[in-house]
Trainee: 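Handing you this structure, nothing more for now.
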Protein chains: 2
Amino acid sequence: MEPDILELESFLPYRLYRLADAVSREFSRIYRDRHGLTRPEWRTLSGLGQRGTMTATELGEQSAMHKTKVSRAVAELERRRWLTRTPDENDRRVEHLALTKAGLAAYREMVPLAIAFERELLGRLGAEERAAIVSGVTALEAKLTPEQGIGPRRASPVDQS
Amino acid sequence: MEPDILELESFLPYRLYRLADAVSREFSRIYRDRHGLTRPEWRTLSGLGQRGTMTATELGEQSAMHKTKVSRAVAELERRRWLTRTPDENDRRVEHLALTKAGLAAYREMVPLAIAFERELLGRLGAEERAAIVSGVTALEAKLTPEQGIGPRRASPVDQS
DNA sequence: CCAAACTGGTTTCATTTGTAACCATCGAAA
DNA sequence: TTTCGATGGTTACAAATGAAACCAGTTTGG
């Protein structure tokens, strides 16, 4: 009953990874070609654009990045003068990050491109397929506990690419 | 109508990537803890175990790896004496790769673990959710052209089940 | 009040990765 | 044949990544 070979092409972890990698690679052109951003930098920009102000830790939680990635991405965006740090009043370890005008401009420029990308991607599918991928991903996300790398988490850092 | 912010948590490329990364990271424990394999090494082992004999190029196509990754993975597995290279009779650029007894043993040991992992993962879902993720992934795979990093270059559409 | 444990964030170092250049061989065309 | 462009595969080098050590500031328990 147990097969003694594994069909890689049908193996969900592999398929999922390959799919995500292909999609992400394709999408990355939008921020890489345009501004030479890395994925962590894009996520940082996107997170701050979305929420306005966040600390590095919050950024890491929201966008599933390891703190070192956040740190480096923030440093780079600061170097570009796309964001500024404001020390917290009460806790001097914490810095509140926010986009500058230039950062916000870049963000605003990219949002429609990102949305168009997603729309185009989903547009290749039929309505049922679209529903399937979305609900399937949602279901699986829900089953992955924080310890397994997804979902909000308080203690103990997660690592993601 | 066009929102001027992007909700990262709902953005499919991000969700897909995060999900795949979490799953893959979890799964990687199986081959990493057990034998200290990297992902490219695991894929190489898996590909050869599945098909018996392949060239480096074929390996790269089957398991969606860049040729440098294949090259390095093959070199490492050869160093472990888990695979051997046999020069092609007609084309001296080509080498046919195959697992040794030791390589095959490691492969055979890991296949049930991989299958159990997948089963457990899908087992967390209900039947409908399971169907949704599988058919959703299948649908999206089918829409990604080879140039975008997925899909058979020659024929034989991506597998289901 | 003070030491220990903890937390936000950065840095160091080794490993992994991607890009491009490279070597050898092959195949087609002149 | 000779030449030239493709192809299989490896290597060199730079950039990205992860783990762990680290620094500074904060909290907690005695």
Side-chain angles (χ1 to χ4, degrees), chain A residues 17-18 21-22 24-26 28-29 31-33 36-44 47 53-79 83-97 149 153-161, chain B residues 17-18 21-22 24-26 28-29 31-33 36-44 53-79 83-97 149 153-154:
Chain A
Y17 192 92
R18 184 184 52 171
D21 192 61
S24 174
R25 200 176 288 274
E26 177 75 7
S28 74
R29 301 231 287 248
Y31 50 78
R32 196 163 40 70
D33 289 359
L37 294 176
T38 63
R39 182 164 42 221
E41 285 155 19
W42 151 251
R43 285 193 187 169
T44 299
T53 288
M54 276 195 283
T55 69
T57 300
E58 289 166 343
L59 255 171
E61 281 166 7
Q62 194 223 3
S63 53
M65 294 191 292
H66 185 95
K67 51 183 345 203
T68 61
K69 277 189 183 172
V70 175
S71 175
R72 296 191 258 241
V74 166
E76 168 61 19
L77 294 189
E78 184 186 32
R79 200 193 58 70
L83 69 74
T84 55
R85 311 173 189 242
T86 309
D88 183 275
E89 296 286 297
N90 308 314
D91 188 337
R92 303 211 310 262
R93 296 168 302 179
V94 177
E95 290 171 325
H96 299 278
L97 309 166
R153 178 198 278 68
R154 287 140 253 293
S156 115
V158 194
D159 18 89
Q160 270 269 4
S161 99
Chain B
Y17 193 93
R18 184 183 53 169
D21 195 61
S24 174
R25 200 176 288 271
E26 177 75 7
S28 74
R29 302 231 287 248
Y31 50 79
R32 196 165 40 71
D33 289 358
L37 293 176
T38 63
R39 182 164 44 221
E41 285 155 20
W42 150 252
R43 284 191 187 171
T44 299
T53 288
M54 275 196 284
T55 68
T57 300
E58 288 167 344
L59 255 171
E61 282 167 7
Q62 195 223 2
S63 53
M65 295 190 291
H66 189 251
K67 50 186 342 210
T68 62
K69 276 191 186 170
V70 175
S71 176
R72 296 190 257 241
V74 166
E76 169 59 21
L77 294 189
E78 183 186 34
R79 199 193 59 70
L83 69 74
T84 55
R85 311 175 190 239
T86 309
D88 183 277
E89 296 285 298
N90 308 315
D91 188 337
R92 300 210 314 258
R93 294 169 303 180
V94 177
E95 289 172 325
H96 299 278
L97 309 166
R153 270 64 171 172
R154 301 167 306 185

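Just so it is clear: chains get the letters A, B, ... in the order the sequence lines come, proteins before strands, and each one is counted from 1.
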Trainee: Send over the distance from A/E61 CD to C/dG8 C1', rounded to a whole Å.
Mentor: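 From A/E61 CD to C/dG8 C1': 11 Å.
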Trainee: Would you say C/dT10 has OP1 or OP2 under 4.0 Å from some side-chain N or O of A/R85?
Mentor: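 Yes, within the criterion.
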Trainee: Rounded to whole Å, how long is the line connecting atom CD of B/E89 with atom P of C/dT25?
Mentor: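 Taking atom P of C/dT25 as the reference, CD of B/E89 is at 16 Å.
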Trainee: Which nucleotide in the set C/dG9, D/dT10, D/dG8 lies at the smallest distance from any side-chain heavy atom of B/E95?
Mentor: D/dT10
Trainee: Measure up the A/Y31 and A/W42 rings against each other and bin them: parallel (under 30°), tilted (30 to 60°), perpendicular (over 60°).
Mentor: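 A/Y31 and A/W42: parallel rings.
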Trainee: Report the distance from atom CG of A/L77 to atom P of C/dT10, rounded to the nearest whole Å.
Mentor: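 Value for this atom pair: 12 Å.
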Trainee: Using whole Å, report how far CG of B/D91 lies from P of C/dA28.
Mentor: 12 Å
Trainee: Under a 4.0 Å heavy-atom cut-off, which of residues 68-76 of chain B touch DNA chain C?
Mentor: B/T68, B/K69, B/R72
Trainee: Can a donor-acceptor pair be found, under 3.5 Å and without considering hydrogens, that links the side chain of B/S71 to the backbone of B/T68?
Mentor: no
Trainee: Does B/T57 put a side-chain nitrogen or oxygen below 4.0 Å from OP1 or OP2 of D/dG9?
Mentor: yes
Trainee: Would you call B/E95 and B/D88 a side-chain contact if the rule is heavy atoms closer than 4.5 Å?
Mentor: no
Trainee: Quick check: any donor-acceptor pair below 3.5 Å linking the side-chain of A/R93 to the base of C/dT7?
Mentor: yes
Trainee: Counting C-beta onward and ignoring hydrogens, is there a side-chain heavy-atom pair between B/T57 and B/V70 closer than 4.5 Å?
Mentor: no
Trainee: Whole angstrom is fine here: how far is it from CZ in B/R92 over to C1' in D/dA6?
Mentor: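 Result: 18 Å.
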Trainee: Can you check the B/R39 CZ to C/dT17 C1' distance for me, whole Å?
Mentor: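 About 11 Å, once rounded to whole Å.
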Trainee: Please report, rounded to the nearest Å, how far the C1' atom of C/dT17 is from the OH atom of A/Y17.
Mentor: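 Spelled out: OH on A/Y17 to C1' on C/dT17 is 10 Å.
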Trainee: State, yes or no, whether a side-chain contact exists between B/T38 and B/K69 at a heavy-atom distance under 4.5 Å.
Mentor: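 Counting from C-beta outward, B/T38 and B/K69 never come under 4.5 Å.
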Trainee: Between A/R32 and A/V94, name the one whose nearest nucleotide on DNA chain C is closer to the 5' end.
Mentor: A/V94
Trainee: Between C1' on C/dG18 and CZ on A/R25, what's the gap in Å once rounded to a whole number?
Mentor: 8 Å
Trainee: Shortest non-hydrogen contact from A/L97 to A/T55?
Mentor: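 That would be CD1-C, 4.1 Å.
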Trainee: Identify whether any heavy atom of B/D88 sits under 4.0 Å from a base atom; if not, whether one sits that close to sugar-phosphate; answer base, sugar-phosphate or nothing.
Mentor: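 If one applies the 4.0 Å heavy-atom cut-off, B/D88 turns out to touch nothing in the nucleic acid.
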Trainee: Backbone N or O of B/S63 within a donor-acceptor pair of the B/R43 side chain at under 3.5 Å?
Mentor: yes
